[in-house]
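Worksheet for the structure shown next.
Throughout, a chain's letter reflects where its sequence line sits, starting with A, and its residues are numbered from 1.
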There are 2 protein chains.
Amino acid sequence: MDKLSLKNQLCFKLYALSRHITSLYRPILEELDLTYPQYLVLLVLWEKNRISVKELGHHLMLDSGTLTPLLKRMESKDLIHRQRSMLDERVVEVSLKEGGTALKQKALCIPEHFTQSVTIDAQELKQFAATLSRLMDQIPE
Amino acid sequence: MDKLSLKNQLCFKLYALSRHITSLYRPILEELDLTYPQYLVLLVLWEKNRISVKELGHHLMLDSGTLTPLLKRMESKDLIHRQRSMLDERVVEVSLKEGGTALKQKALCIPEHFTQSVTIDAQELKQFAATLSRLMDQIPE
DNA sequence: AAAATTTAAATTGCACACAATTTAATTTAC
DNA sequence: GTAAATTAAATTGTGTGCAATTTAAATTTT
């Protein structure tokens with residue numbers, strides 16, 4: 001087996017599949033005027049209304065270089081609020097605004113869209129998700 | 001189960017794992033002065049020395065908007081050659097230059113790096129790769 | 001064969017990712 | 001208690017991704 005063959009590269013398949021599934025989200029999220037990373041930020045905020053940029057970055061595995069401009073765009077769309085913590089001026093806390101809260105109702109149907117578009121045995125998908133979680137858990141920090 | 005919980009989102013796990021594994025490649029590829037997508041281009045060219053931008057894009061699932069500037073950067077590093085086809089002036093053909101050919105030797109050891117860094121049952125990984133391939137095959141076009 | 005259509009790259013513009021550096025605030029050491 | 005070290009965001013700069021448009025060449029229609 002040729003290890004340098006594109007077809008044999010697990011990493012390439014992950015990379016391509018990830019981009020493909022993101023592209024399936026795109027038209028749905030476009031109706032909400034959201035990008036996929038912006039949607040991820042909202043997923044976190046819907047669970048925990050107030051969170052620091054650092055914590056958010058920990059959840060999404062993104063740094064401030066990515067998050068700062070992304071959050072500014074979301075702020076300008078009135079989805080979220082950014083404010084320096086009064087206890088620690090270094091920290092910026094992100095919280096939902098009405099716009100961001102309201103989108104949750106519209107987003108509820110999104111996960112359903114994909115159970116349809118994927119033709120795969122439920123048991124196999126479950127096993128796949130389990131391995132994916134196991135691999136994720138090995139990611140340091 | 002909360003379907004809008006980040007932890008339950010298969011897509012997020014794919015997205016995060018894909019970026020993480022790419023980040024494992026980064027220090028190795030940096031020694032070769034390559035980015036991950038540039039490495040993918042070389043993987044294709046090492047298998048098929050001469051290929052059009054369109055075909056290359058088909059293999060990597062990337063369009064000319066991504067590939068044109070990427071290939072220009074690779075050309076400026078003397079890794080590849082870009083040339084209009086004489087049979088069809090619309091087509092640009094990409095081929096290896098000495099620099100790109102020479103890197104293959106240095107790249108041979110790269111796949112080994114990762115079998116080590118992943119602690120997972122070989123059978124489970126095999127199953128995972130199989131499902132990944134099945135999902136990939138469902139990608140249209 | 002000329003006009004209309006299609007095709008392949010390139011271009012433009014926007015939004016991530018991420019390394020590296022900078023800035024400002026807080027802790028820790030001494 | 002101040003200097004040094006650490007920390008959290010922001011900034012800077014480069015390289016993707018991708019939608020949308022443009023350009024130029026080839027093909028199809030009429």
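- Take A:K97 and apply the side-chain hydrogen bond (donor to acceptor under 3.5 Å, both in side chains) test, not counting sequence neighbours, and it matches A:D78.
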Quick test: give all pairs of protein nitrogen or oxygen and nucleotides 19-21 of chain C nitrogen or oxygen below 3.5 Å, distance rounded to 0.1 Å.
unit_1, atom_1, unit_2, atom_2, d
C:dA19, OP1, B:R26, NH1, 3.1

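- Separating the NZ atom of A:K54 from the P atom of D:dT6 is a distance of 14 Å, rounded to the nearest angstrom.
- Here D:dC18 presents its C1' atom at 11 Å from CG of B:L67, a figure rounded to the nearest Å.
- Each salt bridge (charged side-chain N to carboxylate O under 4.0 Å, His left out) pair with one or both residues in residues 46-60 of chain B, not counting sequence neighbours, appears once here: B:R50-B:E93.
- Taking A:Q127 as the reference, A:T131 meet the side-chain hydrogen bond (donor to acceptor under 3.5 Å, both in side chains) condition, with sequence neighbours excluded.
- The stretch residues 31-53 of chain B touches DNA chain D through B:T35, B:P37, B:Q38, each having a heavy atom within less than 4.0 Å of the strand.
- At the phosphate of C:dC16, neither OP1 nor OP2 sits under 4.0 Å from any side-chain N or O atom of A:K72.
- Rounded to a whole Å, the CE atom of B:M74 is 13 Å from the P atom of D:dG15.
- Closest of all the heavy-atom pairs between B:I80 and B:L71 is CD1-O, 3.5 Å.
- A:M61 places its CE atom 18 Å from the P atom of C:dC16, with the value rounded to the nearest Å.
- Counting to the nearest Å, the P atom of D:dT16 and the CG atom of B:L71 are 10 Å from each other.
- Each of A:E55 and B:P69 has a nearest nucleotide on DNA chain D; the 5'-most of these lies closest to A:E55.
- Listed by residue number, the members of residues 76-100 of chain B with any heavy atom below 4.0 angstrom from DNA chain D are B:L87, B:D88, B:E89, B:R90.
- Atom CG of A:L79 is separated from atom CG of A:L45 by 10.0 Å, given to the nearest 0.5 angstrom.
- Atom CG of A:L56 and atom P of D:dA8 are 14 Å apart (whole Å).
- Within the structure, every pair that satisfies the salt bridge (charged side-chain N to carboxylate O under 4.0 Å, His left out) test and touches residues 79-89 of chain A, not counting sequence neighbours, is listed here: A:E75-A:R82, A:D88-A:R90.
- Evaluation of the salt bridge (charged side-chain N to carboxylate O under 4.0 Å, His left out) rule for A:E112 yields B:K3 as partners, not counting sequence neighbours.
- B:V44 is linked by a side-chain contact (heavy atoms from CB on, under 4.5 Å) to A:L6, B:I51, B:L56, B:H59, B:L60, counting only residues two or more places apart in sequence or in another chain.
- Screening residues 99-111 of chain B for side-chain hydrogen bond (donor to acceptor under 3.5 Å, both in side chains) gives no qualifying pairs among residues at least two apart or on separate chains.
- Each salt bridge (charged side-chain N to carboxylate O under 4.0 Å, His left out) pair with one or both residues in residues 114-126 of chain B, not counting sequence neighbours, appears once here: A:R134-B:E124.
- Legend: side-chain hydrogen bond (donor to acceptor under 3.5 Å, both in side chains) pairs involving residues 18-30 of chain A, not counting sequence neighbours, sorted by first then second residue: A:Y25-B:Q9.
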